[in-house]
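Let me begin by presenting the structure, written as structure tokens, before commenting on it.
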Amino acid sequence: MDGMKTVRVEKGEGIAWVFLNRPEKRNAMSPTLHFEMDAALAQLETDPEVRCVVVTGAGESFSAGQDLKEFFRELDGKPAEAKRAAEAANRWRWDRLYNYDKPTIAMVNGFCVGGAFMQLIACDFAVAAEDAKFSLSEINWGIIPGGLVARVMTEALGYRDALDLCLTGRAFDGREAVRLRLVNEAVPKEALRERTTALAQLLMSKDPEAYRATKIAVRRVRAMSFEQAYDYLGAKMEELRQRTGGRAQREGIAQFVDQKTYKPIDGSFAHGQ
Ligand code: COA
């Protein structure tokens, strides 16, 4: 991904670490950053070396949200440019990440503000530093949580908490983000990369086709009736079987039933499970 000014990608052991890379601006999202993130994620989705994508920020910040100068003030009165930038912003932060073919993790290393909640919630998992600082600060600028932010907040949180955070703009840390279920877990900052790597390794150990079909299925059924979900999940199961020839299931069952070499759950209660 040569020539990118605002995005940096490091690849290793199947993981692509995608850094929003404007640390001097706390990774505020400029139009250029949106275009580059959109291109980078599209490229990594079909890169055979990459089996999991981690979205994070360079320096002290995950992202300080939309760039107040470059995304808002400088695009004011330029409807064509503003539209192009907004489309790219929504495409990578939501459409791409929400439907991404590979496992995705948001690694929240510092400030996570406003528009950055979209990529946070679109990723399959989110791991935060305990002292990360979150805020939906739009209300403080006299605007609303736009793009899809208000909508995805109600997707991820309960109604009262979504309203509280959107209406007050109050800041909260990684521990509270866990309590709100906005992130899966919070760890001391020094352990963030190690913990994220371990999670990525777990996700990469799953059959990639089954992983992809499962995450899409869980997301789609949320808006369906039980009848529709029965139908949809049956069709999805058949699609997966057609795509893979049922290989992973057949191998797993043979290892469990015949060879006794595979047991997905530890059968003892020794660890208080
Ligand atoms: N848009 C544009 N520039 C931003 C920015 C944003 N969202 N967030 C930070 N920056 C810039 C600052 O203007 C500053 O630029 P400068 O060095 O040219 O003066 C630089 O990033 C560092 O910011 P600073 O405020 O000095 O860092 P900090 O560590 O003390 O505070 C934040 C970090 C994120 C808490 C603070 O910058 C902030 O509140 N930013 C606004 C976040 C926001 O409300 N975003 C939502 C927009 S809807």
Side-chain angles (χ1 to χ4, degrees), residues 4-8 18-38 55-79 81-94 97 106-123 126 128-157 161-177 180 182-183 186 188-190 192:
M4 289 205 179
K5 293 199 285 278
T6 61
V7 174
R8 191 178 86 235
V18 183
F19 292 86
L20 276 64
N21 193 24
R22 301 180 73 213
E24 72 292 353
K25 298 289 180 190
R26 305 298 179 265
N27 301 320
M29 297 179 287
S30 61
T32 302
L33 183 141
H34 288 307
F35 295 127
E36 291 187 350
M37 277 301 288
D38 193 35
V55 176
T56 190
E60 294 301 300
S61 184
F62 179 69
S63 169
Q66 295 289 19
D67 189 304
L68 292 156
K69 181 166 164 277
E70 294 190 33
F71 188 85
F72 288 120
R73 196 169 69 186
E74 290 177 2
L75 293 185
D76 211 19
K78 298 180 185 159
E81 285 173 46
K83 184 170 159 58
R84 242 168 40 88
E87 279 174 356
N90 291 337
R91 194 162 52 235
W92 81 263
R93 289 180 307 163
W94 193 256
L97 282 175
M107 184 172 88
V108 185
N109 50 315
F111 298 108
C112 175
V113 187
F117 277 59
M118 268 174 70
Q119 64 261 37
L120 171 72
I121 294 172
C123 285
E130 285 172 346
D131 64 355
K133 206 175 220 182
F134 297 80
S135 164
L136 272 172
S137 72
E138 285 87 340
I139 188 87
N140 300 318
W141 300 103
I143 58 174
I144 64 170
L148 273 179
V149 178
R151 177 65 186 85
V152 302
M153 285 298 287
T154 60
E155 175 87 2
L157 302 187
D161 290 321
L163 266 184
D164 165 14
L165 299 180
C166 290
L167 291 175
T168 66
R170 70 180 177 82
F172 54 98
D173 68 11
R175 295 183 195 87
E176 186 173 357
L180 292 163
L182 186 63
V183 304
K189 188 180 255 166
E190 318 77 69
L192 191 57

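Each ligand, and each atom within it, is numbered from 1 in the order the structure gives. Given the structure is predicted, the values throughout are model-derived calculations rather than measurements.
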Are any of the N/O atoms on [X], whether in the backbone or the side chain, positioned under 3.5 angstrom from an N/O atom of ligand 1?
X	answer
Lys69	no
Leu68	yes
Lys25	yes
Ala64	yes

Query raised in the report: For ligand 1, which atoms sit closer than 4.0 Å to a heavy atom of Asp67?
Result: 1 (N), 2 (C)
Report summary line: In ligand 1, the atoms that come under 4.0 Å of a heavy atom of Ser137 are 43 (C), 44 (O), 45 (N), 46 (C)
If we count only non-hydrogen protein atoms and require a distance under 4.0 Å, does [atom] qualify as touching the protein?
atom	answer
atom 21 (O) of ligand 1	yes
atom 25 (O) of ligand 1	no
atom 39 (O) of ligand 1	no
atom 12 (C) of ligand 1	no
atom 43 (C) of ligand 1	yes
atom 30 (O) of ligand 1	no

Requested in this report: Compare Lys133, Glu60, Gln66 and give the one whose heavy atom is closest to atom 7 (N) of ligand 1.
Outcome: Gln66
Do [X] and [Y] make a side-chain contact, defined as non-hydrogen atoms from C-beta onward lying under 4.5 Å apart?
X	Y	value
Ile144	Glu138	no
Leu120	Val108	yes
Val7	Val18	yes
Asn27	Phe111	no
Met153	Pro145	no

**Report entry** From CZ (Phe134) to CZ (Phe117), nearest 0.5 Å
**Finding:** 6.5 Å
Requested in this report: Identify whether the distance between the nearest side-chain nitrogen and carboxylate oxygen of Glu176 and Arg170 falls below 4.0 Å.
Outcome: yes
For [atom], which protein heavy atom lies nearest, and how many Å away is it?
atom	value
atom 37 (O) of ligand 1	Arg26 CG, 4.6 Å
atom 6 (C) of ligand 1	Ala28 CB, 3.5 Å
atom 33 (C) of ligand 1	Phe111 CE1, 3.6 Å

Is there a donor-acceptor pair under 3.5 Å between the side chain of [X] and the backbone N or O of [Y]?
X	Y	result
Arg26	Pro23	yes
Asn109	Gly57	yes
Thr56	Met107	yes
Asp38	Ala88	no

Requested in this report: Please work out whether any backbone atom (N, CA, C, O) or any side-chain heavy atom from C-beta onward of Val113 is under 4.0 Å from ligand 1, and answer side chain, backbone, both or neither.
Outcome: side chain
Query raised in the report: Glu24 near ligand 1, heavy-atom distance under 4.0 Å?
Result: yes
